[in-house]
Amino acid sequence: METNQILETIRMIEEENLDIRTITMGISLLDCIDSDSDRACEKIYQKITTKAKDLVKVGEAIEGEYGIPIINKRISVTPIAIIAAATPDTDYVKFAKTLDKAAKAVGVNFLGGFSALVEKGYQHGDAILMNSIPQALAETDFVCGSVNIGSTKAGINMDAVAHMGKIVKETAAASDLGCAKLVVFANAVEDNPFMAGAFHGVGEADCVINVGVSGPGVVKRALEKVKGESFDVVAEVVKQTAFKITRMGQMVGRIASERLGVPFGIVDLSLAPTPAVGDSVAHVLEEMGLESVGTHGTTAALALLNDAVKKGGVMACNHVGGLSGAFIPVSEDAGMIDAVNNGYLTIEKLEAMTAICSVGLDMIAIPGDTPASSIAAMIADEAAIGVINHKTTAVRIIPAKDKKIGEMVEFGGLLGRAPVMAVNAAGSNDFVARGGRIPAPIHSFKN
């Protein structure tokens, strides 16, 4: 690298919150399947603690040598509904506790994969896992769960949607942070390094390293230098900045891969915000000329941002995957929080933005008395956006016990804090109660 590029990277790290948001080791547990759940759990613990024993140490060494902050070291595993289905167990909390024990043993921040894939129907372990989620997430510290209820090829499993509406309510009742560790997907991807939705897909290698980059602060600072310029200039600046950020992510991923002796998977290009000042996707959108995120023009600004990030990123890295784009979680983004508190950003506008962004309705607090059917209907709406648009969408909604609209819910750390947002008071119970499947769209038929 030339001297000016080195100095520019140092400035990005020191002044603009540039970091590697996560290095995530994906581990297949398919060879841990056993009809005896105790033996299966022992195999799972041994494999995770063997494969990931040096993950945190290597991450910290790279941070020290290169001066690049790596905020999280994480693990994703094969969806547990697949692994545990071979056992006669009637709940899978034991498996969640095994994952938690392994995560603590190797020192990672989170472990994802307490998951089920039910977009077209339930297999033996799926309903058991889904029913285990509230207790499993309440009784573990680092385990994250997810359920995929729809896809462009399969349509939307409305029985699973209704089921997950109830599970979200039960999870909120069981623990304060459980719902922050639970994602309901459509078109979930197999190589996502970001929590809470990460799992290691069955089409992946036995063990891989995936990297999630960040850098909203870097993009905002770059846009500050082109105030008043046309959107052609804005797009080019974002693209060039994303190229630099992704290059750094690829370098870290390859170094970690070599030192850990496992293949390098993908770089996820997503701009992931934090509650820290200067690390907000909302502020990037506002730098394009919006008075506040949520006002008219927000979706168009987000479309430009997402597209330019991907164009810059794919030029920088051969293997791009995960979710890739811009995250818009409310609790984890200081600008989003301000927009909600000022009355500029509603759930309905966030839903429109999810047609463009990386994920969906993410880290949003709603009144604790919101009916399960309304939560299920939110999941269905998000799934419809994903299924029709061939993209991943997700819901991470937190019903806040004993909280009213406008009150704040504190999560702490990277999860931040969220104002309780209003939910449409009209009911969706009869709609959700129909069950069955919403068929796949006609454009899904490409064979």
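Computed from a predicted model, the values in this text were never measured in an experiment.
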Taking all heavy atoms of [X] and all of [Y], pick out the closest pair and write down the distance.
X: V359; Y: E382; result: O-OE1, 4.3 Å
X: I398; Y: A180; result: CG1-N, 4.1 Å
X: I20; Y: G249; result: CD1-CA, 3.6 Å
X: G59; Y: I70; result: O-CD1, 3.5 Å
X: R417; Y: I337; result: O-CD1, 3.0 Å
X: T298; Y: L285; result: CG2-CD1, 4.2 Å

Qualifying residues under side-chain hydrogen bond (donor to acceptor under 3.5 Å, both in side chains), relative to [X], sequence neighbours excluded:
X: D268; value: S270
X: N306; value: none
X: E42; value: Q46

Donor-acceptor pairs under 3.5 angstrom involving side-chain atoms of residues 384-391: please list them, not counting sequence neighbours.
{"unit_1": "N389", "atom_1": "ND2", "unit_2": "I385", "atom_2": "O", "d": "2.9"}
{"unit_1": "K391", "atom_1": "NZ", "unit_2": "T354", "atom_2": "O", "d": "3.0"}
{"unit_1": "K391", "atom_1": "NZ", "unit_2": "C357", "atom_2": "O", "d": "2.8"}

Quick one: are [X] and [Y] in side-chain contact, heavy atoms under 4.5 Å?
X: M408; Y: P419; result: yes
X: I366; Y: I375; result: yes
X: N131; Y: E170; result: no
X: I71; Y: T22; result: no
X: M353; Y: L345; result: yes
X: V423; Y: M378; result: yes
X: M288; Y: L305; result: yes
X: I156; Y: I149; result: yes

Any chance you could measure [X], atom [atom1], to [Y], atom [atom2], to the nearest 0.5 Å?
X: Q135; Y: T171; atom1: CD; atom2: OG1; answer: 11.0 Å
X: T87; Y: I128; atom1: OG1; atom2: CD1; answer: 7.0 Å
X: L323; Y: F185; atom1: CG; atom2: CZ; answer: 6.0 Å
X: E287; Y: H283; atom1: CD; atom2: NE2; answer: 10.0 Å
X: K51; Y: S28; atom1: NZ; atom2: OG; answer: 9.5 Å
X: T299; Y: E351; atom1: OG1; atom2: CD; answer: 11.0 Å

Polar side-chain atom of [X] near backbone of [Y] as donor-acceptor pair, under 3.5 Å:
X: E286; Y: V293; result: yes
X: N210; Y: P193; result: no
X: S257; Y: G253; result: no
X: D91; Y: S132; result: no
X: K311; Y: A242; result: no
X: D362; Y: R396; result: no
X: K181; Y: L137; result: yes

_Residues forming a ring-ring contact (aromatic ring centres under 6.0 Å, His included) with H124, sequence neighbours excluded_ = none
_Candidates T98, I75, L55 - the one meeting side-chain contact (heavy atoms from CB on, under 4.5 Å) with I48_ = I75
*Short N-O contact, E258 and R254, less than 4.0 angstrom*: no
*Between K239 and E236, is there a salt bridge with N-O shorter than 4.0 Å?*
yes
*So which pairs with a foot in residues 307-328 pass ring-ring contact (aromatic ring centres under 6.0 Å, His included), sequence neighbours left out?*
F194-F327
_I'd like to know if the side chain of K101 pairs up with that of T49 as donor and acceptor (distance under 3.5 Å, no hydrogens or angles considered)._
no
_side chain to side chain contact (heavy atoms under 4.5 Å, CB included) between M248 and K244, worked out_ = CA-CA 7 Å; M248 189 180 76; K244 297 171 187 174; over 6 Å; no
*Does K94 have any side chain to side chain contact (heavy atoms under 4.5 Å, CB included) partners at least two apart in sequence or in another chain, and if so, which?*
S37, D38, C41, D89
Does [X] [atom1] have over 12 foreign heavy atoms under 6.0 Å away?
X: K57; atom1: NZ; result: no
X: D36; atom1: CG; result: yes
X: K166; atom1: NZ; result: no

_Taking side chain to side chain donor-acceptor pair (under 3.5 Å) as the cut-off, I'd like each qualifying pair that reaches into residues 185-205, sequence neighbours left out, listed once._
T152-N187
*Quick one: do K47 and D206 satisfy side chain to side chain contact (heavy atoms under 4.5 Å, CB included)? Show the steps, please.*
CA-CA 11 Å; K47 183 162 189 182; D206 185 65; 2.7 Å; yes
*Checking side chain to side chain contact (heavy atoms under 4.5 Å, CB included) for the pair V168/V395: CA distance, chi angles, key distance, verdict?*
CA-CA 10 Å; V168 169; V395 172; over 6 Å; no
Taking salt bridge (Lys or Arg N to Asp or Glu O under 4.0 Å) as the test, write out the residues that go with [X], two or more places apart.
X: E65; result: R259
X: K97; result: E139
X: R74; result: none

Name the atoms and distances for all side-chain donor-acceptor pairs under 3.5 Å in residues 108-121, with sequence neighbours left out.
{"unit_1": "N109", "atom_1": "OD1", "unit_2": "K73", "atom_2": "N", "d": "2.6"}
{"unit_1": "S115", "atom_1": "OG", "unit_2": "S146", "atom_2": "OG", "d": "2.7"}
{"unit_1": "E119", "atom_1": "OE1", "unit_2": "N148", "atom_2": "ND2", "d": "3.0"}

*Apply side chain to side chain contact (heavy atoms under 4.5 Å, CB included) to S280 and M336, showing your working.*
CA-CA 8 Å; S280 163; M336 296 287 181; 5.7 Å; no
